[in-house]
Amino acid sequence: MKLVTYNVNGIKARLPRLLEYLAEVQPDIVCLQELKSTDETVPDREIRDAGYHPLWHGQKGFNGVAILARDTPPVERQRGLGGEPEDEQSRYLEAEVGGLVVASIYLPNGNPQPGPKFDYKLRWMERLATRARTLLTDEVPAVLAGDYNVIANDDDTFSVRAMADDALMQPESREAYRRLLAQGWTDALRTRHPRGGVWTFWDYQAGAWPRDAGFRIDHLLLSPAIADRLREAGVDKAYRGRDKASDHAPTWVRLTD
DNA sequence: ATGGCTTAGTTCCTAAGA
């Protein structure tokens, strides 16, 4: 089975690209981020007509995550993370689908840093770690898939220097990500491409795509219960080059059934 | 230092993204 994470950067603006992707690749499960739409304004009918069962967790204007599944409807387990009741940003959605627990994650960007947005990012990462710990304790087969907004290693970016002051690459962001992995999660892309140099995002500005000046921030984390089912991991890079593309490319794992 | 994209909303400018 193929499980994809794809930050679409606006699902209404991206709908033709997303429908193409679903038709051409036919992934089994798709975690979406940055819907920038409410549950009332998402293209629910179009996704269903494309053969997918959607579970939406939208928000007006910003954020918004979803889980799409081809065979059976995702059964919701949780929306949002605990620990900060006043947080109304739609960034976490967890469901059971196809015998897996799947989470669609849109981790806060955190720029500019230092500042309140960076503090929110670090708090959010701790809240995610708390949830992730529970999933491991319960020993469920789980995939935490999404836009983590963390460049974990120097070889995960085209330029360490260009990104040095960015929230994506601060030591605090990296350490929080490493602590999460150290719970027992497997970074699937890293495992299959240990030398780095694999990008999932290319900025719209300054010719980043034609220069191949990207970085890897979309991650799929596998729980121990399914880590040995990992067969392949990659990026469907060509979709970044299409007309009116998202600045992220679909990033995926293939698991044995 | 440069140059300056894309989306959505309180829409013809601004905020946010990364």
Side-chain angles (χ1 to χ4, degrees), chain A residues 5-19 21 31-44 46 56-66 87-92 104-122 124-125 128 146-174 176-177 189 196 198-219 235 237 239-251:
Chain A
T5 181
Y6 187 16
N7 179 322
V8 290
N9 186 19
I11 194 171
K12 292 193 286 284
R14 210 67 58 216
L15 188 59
R17 293 291 82 77
L18 177 58
L19 292 177
Y21 184 74
C31 296
L32 299 176
Q33 300 86 34
E34 276 207 272
L35 304 178
K36 299 185 175 182
S37 300
T38 64
D39 292 0
E40 290 71 39
T41 57
V42 290
D44 184 84
E46 290 86 343
W56 305 109
H57 181 33
Q59 183 181 335
K60 189 176 186 179
F62 309 102
N63 306 323
V65 291
D87 183 5
E88 294 184 343
Q89 300 193 32
S90 297
R91 295 180 175 276
Y92 184 88
S104 183
I105 289 167
Y106 179 44
L107 207 146
N109 172 297
N111 280 305
Q113 73 79 30
K117 291 190 173 183
F118 190 61
D119 296 340
Y120 173 63
K121 175 180 195 158
L122 296 180
W124 205 94
M125 293 187 82
L128 175 63
D147 177 0
Y148 280 72
N149 274 317
V150 174
I151 298 169
N153 310 280
D154 285 355
D155 58 14
D156 287 324
T157 173
F158 75 104
S159 167
V160 169
R161 188 174 171 186
M163 301 304 294
D165 295 329
D166 198 285
L168 277 58
M169 226 181 72
Q170 293 314 295
E172 297 95 326
S173 310
R174 287 182 161 185
Y177 184 72
L189 268 285
V198 176
W199 317 145
T200 68
F201 170 92
W202 297 257
D203 202 288
Y204 287 126
Q205 299 191 61
W209 170 248
R211 290 192 295 125
D212 197 28
F215 34 90
R216 184 176 76 98
I217 51 175
D218 299 276
H219 305 314
V235 181
K237 186 175 174 179
Y239 288 84
R240 176 60 181 87
R242 294 200 180 183
D243 189 43
K244 300 286 270 179
S246 171
D247 41 7
H248 295 250
T251 305

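- Residue contacts for A:D247: at a heavy-atom cut-off of 4.0 Å it reaches no nucleic acid atom on any strand shown.
- Between A:D166 atom CG and B:dG17 atom P there is a gap of 12 Å when expressed in whole angstrom units.
- In this structure, A:K117 reaches the B:dG17 phosphate: one of its side-chain N or O atoms is under 4.0 Å from OP1 or OP2.
- Checking A:D39, A:T38, A:D44 one by one against A:W56, the side chain to side chain donor-acceptor pair (under 3.5 Å) holds for a single residue, A:D44.
- Residue A:Y106 is classed as a sugar-phosphate contact, given heavy-atom separations below 4.0 Å to backbone atoms only.
- Rounded to whole Å, the separation between the P atoms of B:dA15 and B:dT2 comes to 23 Å.
- Applying the 4.0 Å criterion to OP1 and OP2 of B:dA18, one finds that A:N7 has a side-chain N or O inside that range.
- Nucleotide B:dA18 holds its C1' atom 11 Å from the CG atom of A:D218, rounded to whole Å.
- Nucleotides B:dA8 and B:dG3 place their P atoms 29 Å apart, quoted to the nearest Å.
- If you check every strand for non-hydrogen atoms under 4.0 Å, A:D165 touches nothing.
- When the C1' atom is compared between B:dT11 and B:dA16, the two are found 15 Å apart, to the nearest whole Å.
- For A:K244 and B:dT7, the shortest distance from a side-chain N or O to OP1 or OP2 is below 4.0 Å.
- A donor-acceptor contact under 3.5 angstrom links the side chains of A:D218 and A:T200, judged on distance only.
- In this structure, CG of A:N63 is placed 17 Å from P of B:dA15, rounded to the nearest angstrom.
- A:D147 and A:Q33 are not linked by any side-chain donor-acceptor pair at a separation below 3.5 angstrom, with hydrogens and angles left out of the test.
- Between A:R174 and A:D154 there is a salt bridge, since a side-chain N of the basic residue sits under 4.0 Å from a carboxylate O of the acidic one.
- With both ends at atom C1', the span from B:dC12 to B:dT7 equals 16 Å, rounded to whole Å.
- At whole-Å resolution of the value, CG in A:L107 and P in B:dA16 are 18 Å apart.
- Considering only side-chain N and O atoms, A:N9 lies nowhere under 4.0 angstrom from the phosphate OP1 or OP2 of B:dT7.
- For B:dG17, neither phosphate oxygen OP1 nor OP2 lies less than 4.0 angstrom from any side-chain nitrogen or oxygen of A:H248.
- Taking atom C1' on both nucleotides, B:dC5 is separated from B:dA18 by 12 Å, rounded to a whole Å.
- A side-chain donor-acceptor contact under 3.5 Å links A:N111 and A:N109.
- Per the geometry, CG belonging to A:N109 stands 11 Å off P belonging to B:dA16, to the nearest Å.
- On the P atoms, B:dG17 is 23 Å away from B:dG4, given to the nearest whole Å.
- Regarding A:Y120, its OH atom lies at a distance of 13 Å from the P atom of B:dA18, rounded to whole Å.
- Among the nucleotides B:dT6, B:dC5, B:dA18, the one closest to the side chain of A:L168 is B:dA18.
- B:dT10 and B:dT14: their C1' atoms are spaced 11 Å apart (whole Å).
- Between the side chains of A:Y92 and A:D87, no donor N or O sits under 3.5 Å from an acceptor N or O.
- The side chain of A:Y204 approaches B:dC5 more closely than any other nucleotide in the set B:dA8, B:dC5, B:dG9.
- Toward the 5' end of DNA chain B, the nearer of the two residues A:T38 and A:E34, judged by each one's closest nucleotide, is A:T38.
- Take the nearest nucleotide of DNA chain B for A:A206 and for A:G61: the residue whose nucleotide is more 5' is A:A206.
- Rounded to an integer number of Å, the gap from CZ of A:R161 to C1' of B:dT2 is 13 Å.
- The interatomic distance linking A:Q113 (CD) with B:dA16 (P) rounds to 17 Å, in whole Å.
- No donor-acceptor distance shorter than 3.5 angstrom exists from the side chain of A:T5 to the backbone of A:T251, with no hydrogens or angles considered.
- Closest to the side chain of A:N111, from the set B:dG9, B:dG17, B:dA18, is B:dA18.
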